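As the structure is a prediction and not an experimental result, all values here were calculated from the model. Indexing begins at 1, ligand by ligand and atom by atom, following the structure's order.
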Amino acid sequence: MENTENTLSFKDTQTAFASKDDKALKKAYWLFKMVSRPWLVKIAKHATDIALKLHLPIEGLVKKTIFSQFVGGETAQEADDNTDDLADYGIGTILDFSVEGKEDEEGFDRSLKEILKTVDISAQTVNVPFCVFKPSGVGPFGLWVKASAGLELNAKEMIQWKATLARIDSIAERAEAKGTPILIDAEETWMQDGADQMVELLMTRHNTKQAIIYHTLQMYRHDRLAYLKRLHERAEREGWILAVKLVRGAYMEKERDRAEERGYPDPIQKDKASTDRDFNAALEFCISHLDRIHFMCGTHNEDSSMRLVDLMHEKKIAPEDKRIYFAQLYGMSDHISYNLAASGYNVAKYVPYGPVREVMPYLIRRAQENTSAAGQTGRELSLIMQEMKRRKGN
Ligand SMILES: Cc1cc2nc3c(=O)[nH]c(=O)nc-3n(C[C@H](O)[C@H](O)[C@H](O)COP(=O)(O)OP(=O)(O)OC[C@H]3O[C@@H](n4cnc5c(N)ncnc54)[C@H](O)[C@@H]3O)c2cc1C
């Protein structure tokens with residue numbers, strides 16, 4: 001399809017909430033209203049912490065409320081089945097095992113098993129176009145930190161490190177064998193150098209014919225635009241495909257606090273405008289080098305999403321060009337996802353899954369983030385209200 005005219009609008013709430021009947025819309029309204037109140041989120045967090053400690057049966061309540069808004073299901077299969085509504089509207093599912101397991105070999109092996117399961121599911125259905133994992137989900141965070149700092153490992157750590165790399169190799173090999181691209185999430189700067197080295201090595205090995213391994217670049221870091229350009233140069237020189245997920249970054253406060261505490265320069269951009277500038281510059285860089293770069297624009301930011309749409313129009317790139325994907329999180333910014341998909345763009349949503357008790361930390365974070373992300377909940381609420389009004393008028 002030739003991409004000549006941009007008629008897309010994120011204000012189209014009819015398209016945005018097409019998958020939600022009146023009851024589901026009302027429920028979403030109620031949930032966002034709840035998380036918009038910081039004091040309520042605080043109380044709910046303490047109440048669930050206590051209930052979980054006392055083994056009170058709160059699963060049913062959680063599952064019917066916040067869980068169903070932000071989480072796909074308790075197992076990969078359940079999450080895949082529950083997201084048929086995404087598939088019906090042309091939106092892909094990225095199954096994300098969101099259990100922050102124990103930092104032990106058993107926990108890492110369990111994550112590995114789940115990630116391999118998602119790769120197998122993805123190979124069987126076009127509805128799951130990507131899989132994902134976090135480096136710290138398959139190996140001890142402390143070892144990533146040591147690897148990043150170039151510190152020597154003791155004998156026990158060496159065994160754990162080898163096991164970590166073996167897990168990652170088996171994921172990458174399965175992904176390549178099944179032709180399923182896999183996203184590797186980015187985390188805190190003090191563990192990321194080690195992860196960067198690992199991802200680069202995987203890209204040289206597995207991205208020679210297709211984009212299998214996707215790196216993640218957090219554009220709130222002031223060094224990432226230059227890093228993107230270096231990666232591109234290397235990919236050109238060595239002849240592999242550079243695949244990247246561009247995000248702004250999720251650990252800003254933590255990064256700033258640590259830098260201040262330890263007295264090293266803040267790795268984060270000086271302000272939001274600088275992050276936005278580099279995020280958009282990265283989009284432009286990627287789209288200008290599509291012969292070598294495949295990328296995903298992971299954001300809930302309307303301007304950046306529209307910026308990419310405009311760039312695709314300018315460069316006459318078809319919306320369904322598989323080298324470009326848009327991505328959001330399940331339960332959030334449906335007005336972006338559904339409107340993009342309705343205009344033929346490639347869109348996928350991270351769909352977290354895991355047993356209710358074990359995804360609680362993820363859920364609490366989502367609730368807190370929605371409370372603290374000024375504007376985000378307000379925006380969700382006002383879009384839902386607009387759609388309710390539109391339906392009443394009809
Ligand atoms: C599909 C997807 C995948 C993701 N994967 C990852 C991942 O692997 N790793 C990861 O870290 N995060 C990841 N995220 C989260 C992401 O990094 C952002 O935290 C989140 O999406 C909010 O940014 P935004 O672009 O959507 O929205 P916006 O509201 O436009 O931006 C908010 C972001 O801007 C930045 N920012 C805010 N204030 C300032 C300031 N004063 N100075 C500098 N920068 C500022 C912060 O990064 C903040 O999160 C992912 C998000 C999505 C949608």
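In summary, the atoms of ligand 1 found under 4.0 Å from a heavy atom of Asn301, numbered by their order in the structure, are 26 (O), 30 (O). Per-residue contacts place Ala186 under 4.0 angstrom from the following atoms of ligand 1 (heavy atoms of the residue considered): 7 (C), 8 (O), 9 (N), 10 (C), 11 (O). Close approach to Ala250 involves these atoms of ligand 1, each under 4.0 Å from a residue heavy atom: 10 (C), 11 (O), 12 (N), 17 (O), 19 (O). Set against the non-hydrogen atoms of Asp271, the atoms of ligand 1 under 4.0 Å away are 40 (C), 42 (N), 43 (C). Contact atoms of ligand 1 toward Thr299: 24 (P), 25 (O), 26 (O), 53 (C) (distance under 4.0 Å to a heavy atom of the residue). Here is the list of ligand 1 atoms found below 4.0 Å of a heavy atom in Tyr251: 11 (O). In the vicinity of Ala327, heavy-atom distances shorter than 4.0 Å reach the ligand 1 atoms 1 (C), 53 (C). Interface of Gln269 with ligand 1, defined as ligand atoms under 4.0 Å from a residue heavy atom, comprises 42 (N), 43 (C).
Of the N and O atoms on the side chains of Thr13 and Gln386, not one donor lies less than 3.5 Å from an acceptor on the other residue. Residues Glu238 and Trp240 bring a donor and an acceptor atom of their side chains to less than 3.5 Å of each other. Side chains of His335 and Glu302: a donor-acceptor N/O pair is present below 3.5 angstrom, by distance only. For the residue pair Asn82 and Tyr330, no side-chain donor N or O sits within less than 3.5 Å of a side-chain acceptor on the partner. For the residue pair Thr83 and Lys349, no side-chain donor N or O sits within less than 3.5 Å of a side-chain acceptor on the partner. Under the 3.5 Å distance criterion, with hydrogens and angles disregarded, no donor-acceptor pair is assigned to the side chains of Asp334 and Ser337. Defined by atom type and a distance below 3.5 Å, a donor-acceptor pair is present between the side-chain atoms of Ser333 and Arg379.
Contacts between Lys245 and ligand 1 below 4.0 angstrom, taking non-hydrogen atoms only, involve the side chain exclusively. Residue Asp185 touches ligand 1 through backbone and side chain together, judged by heavy-atom distances below 4.0 Å. Under 4.0 Å from ligand 1, the heavy atoms of Met252 that appear belong solely to its side chain. Only the side chain of Thr275 comes within 4.0 Å of ligand 1, judged by heavy-atom distances.
Applying the ring-ring contact (aromatic ring centres under 6.0 Å, His included) criterion to His222, with sequence neighbours excluded, gives no partner residue.
Considering each of Met296, Glu302, Lys272, Glu188, the one bringing a non-hydrogen atom nearest atom 40 (C) of ligand 1 is Lys272. Looking at Leu329, Ile184, Asp278 and measuring to atom 2 (C) of ligand 1, the nearest heavy atom belongs to Leu329.
Residue Arg256 places a heavy atom less than 4.0 Å from ligand 1.
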Return all side-chain donor-acceptor pairs below 3.5 angstrom for residues 126-146, not counting sequence neighbours, or 'none' if the list is empty.
unit_1: Ser136; atom_1: OG; unit_2: Glu187; atom_2: OE1; d: 2.5
unit_1: Ser136; atom_1: OG; unit_2: Glu187; atom_2: OE2; d: 3.3
unit_1: Trp144; atom_1: NE1; unit_2: Pro135; atom_2: O; d: 3.0
unit_1: Lys146; atom_1: NZ; unit_2: Glu157; atom_2: OE1; d: 3.0
unit_1: Lys146; atom_1: NZ; unit_2: Glu157; atom_2: OE2; d: 3.2

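Two residues are said to be in side-chain contact when any heavy atoms from C-beta on lie closer than 4.5 Å; Asp276 and Arg248 meet this criterion.
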